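Quick notes on the structure that follows.
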Protein chains: 2
Amino acid sequence: MSTKPTDIDAYRLSEQAGFNLRRANQRHVAIFSRLVEGLTPTQFAALARLYEFGALSQNRLGRLTAMDSATIKGVVERLKAKDLVSSRADLSDQRLRLVELSDKGREVFERALGGALDARVETLSPLTEEEARAFEALLAKLV
Amino acid sequence: MSTKPTDIDAYRLSEQAGFNLRRANQRHVAIFSRLVEGLTPTQFAALARLYEFGALSQNRLGRLTAMDSATIKGVVERLKAKDLVSSRADLSDQRLRLVELSDKGREVFERALGGALDARVETLSPLTEEEARAFEALLAKLV
DNA sequence: CAACATCTGTTTGTATACGAGCAATCTCGG
DNA sequence: CCGAGATTGCTCGTATACAAACAGATGTTG
């Protein structure tokens, strides 16, 4: 199963889906940061889930936002430092730490929502509307 | 420019292109890590550029691999620690540090290439071949 | 040629991202 | 009720990723 010279000739980094996925993600993060003040995309995602679902255990919040337990811990920590969420023990299961939006967190999320929607539009702006719909549909199949 | 309730009702994190771009990228990194032993996608990208272009200044290598100067520094550092690249001063421009593949680096790249190509295929495997082509074309327009 | 701007690489600080290993807790089968 | 297995959250170590500030080298321009 050795790599033939043909493979190497055919290899063009710029055409690799993985490389372009990474770049597209970088571009989206940059756009989001410009349009949404004071929240990273991941922090916003966490607020969005809490807004939608109410109080959630830290690990469950992580699963809903595609972050492992080590990552979500840091995100929750920083959201707590900004007083956007609070956490408390679950009385019926001592393992759980329930995380919940604060009033300020709810307000910040609602104010950030417009920018987040704009970020999506700007990220997809190199595409026509039809292409953007197709791209989002294919992307959804990938994840 | 306040956010109307309608916006909030319409907001579904899982349908956001940005969120799915992040997840798709995570998935690709996981697949790549499984199929390519001992190299991260970014490290592989750097080797690929050096393989294609020969010696490059550190910053230029960063631009060709979509990493800023702080990021590429760490990547080159780790590649040097593994003896896959070497770096030296450019005589005609004292600012530059030329980075170059070592023999071992060339060999490691060639051996990793097959796995990298497999990672692309597996990443796109939820799509039909036609969809995968369409997706890659749209993705290329986005970056 | 001297002032100025630009470019390169470095450092620091912050924020994901994940593997691995750990202790506390819960669940469930026997 | 008890012990095996699963789950939760934590910690550590490693690896991107980028903003900002910096020093040194190069270029450009009046």
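Please read these numbers as outputs of a predicted model, since none were measured by experiment. Sequence lines set the chain letters: A, B, ... in the order given, protein chains first and strands last, and positions in each chain run from 1.
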Item to check | First encountered from the 5' end of DNA chain C, between A:Asp93 and A:Lys82 | outcome: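 Closer to the 5' end of DNA chain C: A:Lys82.
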Can a side-chain donor-acceptor contact be found between [Y] and [X] if the only test is distance below 3.5 angstrom?
X: B:Thr65; Y: B:Arg49; answer: no
X: A:Lys80; Y: A:Ser86; answer: no
X: B:Asn25; Y: B:Arg22; answer: no

Checklist outcome for this item: Its contact letters, B for base, S for sugar-phosphate only and - for none at protein heavy atoms under 4.0 Å, make nucleotides 1-6 of chain C read ------
Are any of the side-chain heavy atoms of [X] and [Y] separated by less than 4.5 Å?
X: A:Arg88; Y: A:Glu100; result: yes
X: B:Gln43; Y: B:Thr40; result: yes
X: A:Leu39; Y: A:Leu84; result: yes

Checklist entry - Which residue pairs satisfy the ring pair (Phe, Tyr, Trp, His ring centres under 6.0 Å) criterion with at least one member in residues 116-137 of chain B, sequence neighbours excluded? => result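 Qualifying pairs: A:Phe135-B:Phe135.
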Checklist entry - Can you give the first and last nucleotides of DNA chain D, 5' to 3', that have an atom under 4.0 Å from a heavy atom of chain B? => result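 That gives a stretch of D:dA15 to D:dT26.
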Checklist entry - For DNA chain D, whose closest nucleotide is more 5', that of B:Thr40 or that of A:Leu96? => result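 With B:Thr40 and A:Leu96 compared, the 5'-side residue is A:Leu96.
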Checklist entry - Should the pair A:Glu110-A:Arg106 be classified as a salt bridge under the 4.0 Å nitrogen-to-oxygen rule? => result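 Looking at A:Glu110 and A:Arg106, the cut-off is not met.
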Next on the checklist: Whether A:Arg111 and A:Glu37 form a salt bridge (side-chain N of Lys/Arg under 4.0 Å from carboxylate O of Asp/Glu) is what I want to check.
Outcome noted: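 No salt bridge links A:Glu37 with A:Arg111.
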Next on the checklist: Restricting to side chain to side chain contact (heavy atoms under 4.5 Å, CB included), what partner residues turn up for A:Ile31, sequence neighbours left out?
Outcome noted: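 Partners of A:Ile31 by the side chain to side chain contact (heavy atoms under 4.5 Å, CB included) criterion, ordered by chain and then number, come out as A:Arg27, A:Arg34, A:Leu35, A:Ala119, A:Glu122, A:Thr123.
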Checklist entry - Can you name the side chain to side chain contact (heavy atoms under 4.5 Å, CB included) partners of B:Arg60, sequence neighbours left out? => result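 If we apply the side chain to side chain contact (heavy atoms under 4.5 Å, CB included) test to B:Arg60, skipping adjacent residues, the hits are B:Leu56, B:Ser57, B:Arg63, B:Leu64.
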Between [X] ([atom1]) and [N] ([atom2]), how many Å, whole number?
X: B:Arg23; N: C:dT16; atom1: CZ; atom2: P; result: 18 Å
X: A:Gln43; N: C:dA15; atom1: CD; atom2: C1'; result: 8 Å
X: B:Lys80; N: C:dT10; atom1: NZ; atom2: C1'; result: 13 Å
X: B:Ile72; N: C:dT8; atom1: CD1; atom2: C1'; result: 14 Å
X: A:Arg97; N: C:dA24; atom1: CZ; atom2: P; result: 16 Å

Next on the checklist: At less than 4.0 Å, is any side-chain N or O atom of B:Gln94 found next to OP1 or OP2 of C:dG9? Yes or no.
Outcome noted: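 Checking B:Gln94 against C:dG9: no side-chain N or O falls below 4.0 Å of OP1 or OP2.
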Checklist entry - Base, sugar-phosphate alone, or nothing: which one does A:Ser57 contact when heavy atoms must sit under 4.0 Å apart? => result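 Answer is sugar-phosphate: A:Ser57 comes under 4.0 Å of backbone atoms only.
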Protein-nucleotides 17-20 of chain C N/O pairs closer than 3.5 Å?
| from | atom 1 | to | atom 2 | distance (Å) |
| --- | --- | --- | --- | --- |
| C:dA17 | OP1 | B:Arg22 | NE | 3.2 |
| C:dA17 | OP2 | B:Arg22 | NE | 2.4 |
| C:dA17 | OP2 | B:Arg22 | NH2 | 2.9 |

